[in-house]
Every structure is written in C-alpha cells, then in structure tokens.
Amino acid sequence: MRVVIAEDLALLRDGLTRLLRDNGVEVAAAVADGNALVNAVLREEPDLAIVDIRLPPTFRDEGLRAALEARRLRPKTRILILSQYVEQTYADELLADGSGGTGYLLKDRVMDVDQFVDAVRRVADGGTALDPEVVAQLLTRRRTIDPLEHLTQREHEVLALMAEGRSNASIAETLVVTVGAVEKHVANILAKLNLAPSDEHHRRVLAVLAYLRSKD
Amino acid sequence: MNAHTILRPLGEARTYRQLLFLLSAAPLAALWFGLLFAGWLAAGLLAVTPLLVLVLVGFRKLTWLAATAEARLARSLLGVEVQAPRAGLGTQGYWGRIRGVLADTSWWGQQTYLLLRMLVGGPLAIAAGSAVGASLWRIVTPITYHWSDESFGSWRVDTLPRALLFLPAGLVGLVVSAWLIRVCAAGWRRPARVLLGAGHATDGAEPLPSLDSVLRRSLPYHAAFFAVLNGLLITIWALTTRAYFWPQWTLLSLGLVLAFHAWAVFLDRRAFDPRIRALAVHVGSSAAVSLFLVAVWAVTTRAYFWPVWPILALALVAGIHATVVLATRGDRAALARRIDALTASRAGAVTASEAELRRIERDLHDGAQARLVALGMSLGMAEQKLESDPDAARHLLAEARAGAHEALKELRDLARGIHPPVLADRGLGAALTALAARSPLPVEVSVDVPERPAAAVEAAAYFVAAEALANATKHAQASRMRLRVTKSAGSLNVEVADDGRGGADAGGPGLRGIRQRVEVLDGTLHVTSPRGGPTIVKAVLPCAW
C-alpha cells in the first residue's frame, strides 16, 4: 500500500513516516503544504493521503481544502485527516459527498499504533474511520423525535463503533461478542433507523453516518 | 401688445373663478377668525388643566376641516393641486400627545394660511369687490344716471352725454380689475400649496421630533406671524387715532418672545459643549430682557433710568454663571483628553492580549503538543517491537525519554514567555541578568533600583528588555549591547542600547507590542534608531516609589 503524507512539523512528519514504514506501508511522498499535497497526489496516485488539517500558509483548514481539491481532481482519492482538535463541521465537509474512503482522526490515535494502521488500511480500502470523539458528538445531537432512544444499550454501543467505521470483526473483538451477534445487532439497528439493509459493510456504515449527520 | 391680449382676461372663465376665490375670503375671514380666536383662547384658559390635550386635539381637527375646505376652494377655483394632510394621534402619553400636536407642522401651516386668508384675503376681497363693482357701476351709469343723482362738486351727472363719459372709465376699470385679479390670485397659489400642504400625513406612530428640530422648523412661522400681526396692528393704528403708538407694546413683547426663539435656534446651529450652550442661552436671554427693559423705558417716562437695577442684577447672575463655567472648562478639557488616551490604550491592551494568547496557543500546538504526539508514537512503536526487536524497542524508548525532556523544555520556555518565574521570585535584577546571560551577544547589565516596583511595572520592564535584546540580536548585527534600568522621580526607566546598524522600524510587531504594554501603564516608549547609527530603546514607566 502506498500513501502520501502532508504534515508541516518535521518532527511529526518523520515520526509518521517511520511508523508507517515499520508497519509495511510505503510512504511515496511526505510534503509540508497544501499545494505540494495536491501535486503529490496527482503525481504518485497513492492509495491514501494522510493530511494534517493545519498546514501553511493559513494554518487553519488548509489541509482539508487541499485534500478536497485533490479529491475533486482525482475522484477516487482516499483521505485520512489528522488533527489535534476535532470539529464537527470539518467532519461534515469530509463526509458531504457520501462516498467512502474518508477518515478523520485525532493525532492522539497515532499513538495506538495497531489501531491506527488498521484505520489506515480501512480507509485505503474505501471504508471510513471516524474518531470516537466525533462519533460521540454525532450521537448526542438532540432531535425532537429521537429514534435512537429506541435502541438498546448494546445496540448503542454497536452503533457507535459502526459509525467509527470499524468492521464487524473489529466490533466483535472490542465488545467481546461473536461476529454473528454483531451482525444481528447491525440488522436491528438498520431496521429501527429505517435504513435500507445492504450486504456491503461500507455502504451500511455510510448509511448510518448519513443518518446521524442529517438534521431533523 | 394688441387689444386682444389686453382684453383676454375678461373673456376667460378662469378670471371669474379667481374673482370668486378672492371674494370668498370675506365671509370666510369671519369664520376663521372665530375658529382661531376661540381655539387659542380655550387652549390658553385650560392650559393648566388636563383638558388641554382635548382642546388641542379638537382644535387641530377643526383647523384641518377648515384647511380641507380652503384646499377644495383652491383646487377648484385657483387650480392648485393641494391636499391638507391628515395627522393621526398615535403618540403615547398625555405630554406626548401635546408635544405631537404642537410639533405638527401641518397644523401650523394650516393656521397660518387661515390667518392669511383672514388678514390679507379679507381686505383683498373688499378691494376686489369694490373695484369690480365700481367699474360695473360706471358702465351702467348711462342707464342709472336718472336716479343715482351723482355729483362731483358742482358738476352734476344729469344728461346722457355726461353719463356716457363714464362708460369708457368703467370698461377700463373692468379690464384693469381683471388683470389685478389674475395677479392677486397667482399670488395666492404659492401660500396655498406650501401652507396647506405642509407636513405630511402621519399615523402618529413616528418618533416625536426633538425639541431642537421643532424650534428650528417653527421659527420662520413664528417670524411670519410676528410680522403679519404687527403689520396689521400698525396698519390699524395708521388708519385710526394716530395719537399714541400703542402697537409698540405688542411689538416689544412679541419681539422679546421671538428673540428668545431665534436665539435658541441660532445656538442650536453651533455644536457647543452643553454647559457653554446653557451659558449662552442664559446670557442671551438676559441681554434680550435688558434690551426689552431699556426699550420700555425709552417709550415711557424717560425720567430716571430705572432699568439699571434689573440689568445689573441680570448681569451679576450671568457673570457668576460665566465664571463658574469658564473656570472649570480647563478641567473638563483635560478630562476629555485623558479619556481619549485611556480609550486608545485600552484598545491597545485588548489587541495586545489577544495577540499574546494566539501566540501562546500556536506555541503550545507546534511545540509541546507536537512533542507529546511524537513521544506517543515512539512509545507505540516500542510497544510493538518489544518482543520482536528489543534493541530497536530500547532505542525507541530512549528517544521517547528525550522527547519528554524536550517537551518540558518547551513548556518551560513558554511559561517564561508568559511570566518568568525568576522575575516573580527575585525581581528585575536577577531576571535581567539571566536574560542577558542567555543572549548570544555580550550584554552589559546595570540595574539600579532600590526597591521592587509593582508587579505589572516589573513585568513590562522585563518584556521591554527581552524584546529589545531579541530584536538587536536578530536584526542589528551588533557586537555588544547595554541594558540599564534606573529610577527617577515617579518612574522606572529601562534603556537598551546596541551598537548595530540601526534602522529599526518603530512600527514593527515586536516594538508595537511592547509599546502597547507600556502605554497601558501610562508609560512612554522612545525608539531612536538612525540608519548606521546605534539603536536605543527607552521605556519610561510611571511608578509610585
């Protein structure tokens, strides 16, 4: 798997490169600003672009803008955004087009190396990886009629892990249940939220995310 | 100019309509007189009762009805397009309603028009009627001379030829009257349009006009009223007794009121400080009253100059007022300047603190937070390699520890950038010595301060020195620097000099930041930095020793 990294702090850029290489992910290019990122994505055609949201010159959401631009120019580009803060609005912008291959994680997650690499592979495969903090904000959104209150405790937990983008196996491992139990919970959740059942896992995750992100 | 043009007005219907308009003033004059007189009498009598508002509202309504009738006349007979605007009553409160009615320009315009119709239109109607009547009488003299029995001295009109002599006179009279009617009627057009159409229809829900604007707008009407009324009275005097000039009383008293009004409006034009304005009103009114008293003396006994006493008293009071106001003027100006300075420095302080906070956030983000992420990555990787490659794991753990040291150092530097601990613990001397020691260039430090000043002053002095040293190190290409802190009466002075190439920009971000810090404490910052020459940065911070 080949990735492109965009991070302006040399310390983190080098650290990330080393971490990925150690875990069997090839780093095709490591750049330090938005323009270089777009060029690298177009030139190298990586499986995934890992982008820090704060890049020069504005140090605001330059990275997000550049990543979305790269995706516009090369539609199947997968993006994983890293940030020291998670903002709901940025997550919304990333997920707006409803296609998969998107991730938004706190830089903290990098320290859990196995989980991070797992997320990287997942997004590169076309799935999603949302930080649990973002998911928590999505789930606590108030609605006038909240169908989420019809979910059982267990279903809530499964829903949260689904929204993060995890696979059924990963969810089963985290909750210490069987994969079959997870499948059943997922089916119940989809039914209660009135979402169409689907065989493709990624599609189900996207449906759940779209549902959670929709306003009343 | 041919006969046709001259005779034209006689033939047009318009002339006769206009004649009717002029004649209508005669009966209407009596009506309007009754209305205005009764209205103002009632308002005056009931002024101190709660009925005032009812009287005023009713009076205004009746005036409006009269004005509408006049407008109808003007429209049909004069051909003037005018409508009397209707005014609503939505204003709130007793006094609000009264003010609303009194400030209603349309009402005043309408009253003025009715007054004009009464005072000018009445006589004009009589004149027009007489002119036309006389001319017509002359024309029919050949028919009526038998029983009219006219004579001019000894020459009697008793034969047809003599009667026929008057015929041309009558015809000429008619033609002239026709022209005069046209002229007079044209003269009524403008007043009708302006006065009857004054103001605009409201529903009373508009905000009340301010007293100043009411005074301003009503001044022309007041002056016109004064002129018309006194003109009328003088005309009456001229046509009657002519013995004793009694209109002088109305002239003087109404003149005094008009003088007050005009003075108030005059002052309004100039944007004065309110206290000066009050003084001007006082002095102006005292002067007006004094002149009034002198005029009264001038038209009465003239024996002994009795106004001197009231004038002296007024002058004394006005003088006291003036002294008080002018004496405290200096204080107020100084106060105003101080307020301006404080507002500016407060804004500066707010900007400076915001910039500081942003800087701290950036430093934390790029410094300590990044270090911790890197540290975490090293630990994560070490965890991974613990079994498979222990040497690599050990290496990674050592890296992690070094990273922790770096993070602590960055946090320490950040804290020092906010407030250095040694400054709080040991004071300026120790803090500045430490600052100089950290500098890459040699710095000669001399701190001569007997006791520690206030913490805010200390901090400001420290940061001035820090910024000046940093600037010199970065830009000045100096070889040595001197840092001196001294005390003088009521202030602490910080001076940083370097022997570099000069040309420092006093408006640059760093110097601007310390300038704001210094000015917030009411201090001053001087930067002398000629090109090529040495740079000296001096801050004077007020300080109570």
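Below, each value reflects all heavy atoms present in this structure, side chains not excepted, and no hydrogens, waters or symmetry copies. We name chains A, B, ... by the order of the sequence lines, and we start the count at 1 in each one. None of these values were measured; they are calculated from a predicted model.
Taking a 6.0 Å sphere around CZ of Arg346(B), one finds it holds 12 or fewer heavy atoms contributed by other residues, nucleotides or ligands. Heavy atoms from other residues, nucleotides or ligands lying under 6.0 Å from CZ of Arg74(A) number more than 12. Environment of CZ in Arg2(A): crowded, with over 12 heavy atoms of neighbouring residues, nucleotides or ligands closer than 6.0 Å. Within 6.0 Å of CG in Asn35(A) there are 12 or fewer heavy atoms belonging to other residues, nucleotides or ligands. For CZ of Arg203(A), the number of neighbouring non-hydrogen atoms (other residues, nucleotides, ligands) closer than 6.0 Å is 12 at most. Surrounding NE2 of His395(B) are at most 12 heavy atoms belonging to other residues, nucleotides or ligands under 6.0 Å away. Shown here is Glu387(B), whose CD atom has no more than 12 heavy atoms of other residues, nucleotides or ligands within 6.0 Å.
For Arg54(A), the part sitting under 4.5 Å from any heavy atom of chain B is the side chain, from C-beta outward, and nothing else. Contact of Glu383(B) with chain A is not made at all, since no heavy-atom distance falls under 4.5 Å. Contacts between Asn23(A) and chain B at a heavy-atom distance below 4.5 Å involve the side chain alone, from C-beta outward.
Annotation: the span from Phe59(A) atom CZ to His365(B) atom NE2 amounts to 9.5 Å, rounded to 0.5 Å. Summarising the geometry, atom CD belonging to Gln384(B) is positioned 5.0 Å from atom CG belonging to Asp114(A); distances are rounded to the nearest 0.5 Å.
The most heavy-atom pairs under 4.5 Å with chain B, out of Val110(A), Leu16(A), Asp22(A), Leu12(A), come from Leu12(A).
Residues Val373(B) and Gln84(A) are in side-chain contact: their nearest non-hydrogen atoms beyond the backbone lie under 4.5 Å apart. Side chains of Leu396(B) and Arg18(A) form a contact here, defined as non-hydrogen atoms less than 4.5 Å apart.
Checking each of Leu19(A), Asp14(A), Val113(A) against Met377(B) for a side-chain contact (heavy atoms from CB on, under 4.5 Å) leaves exactly one that passes, namely Leu19(A).
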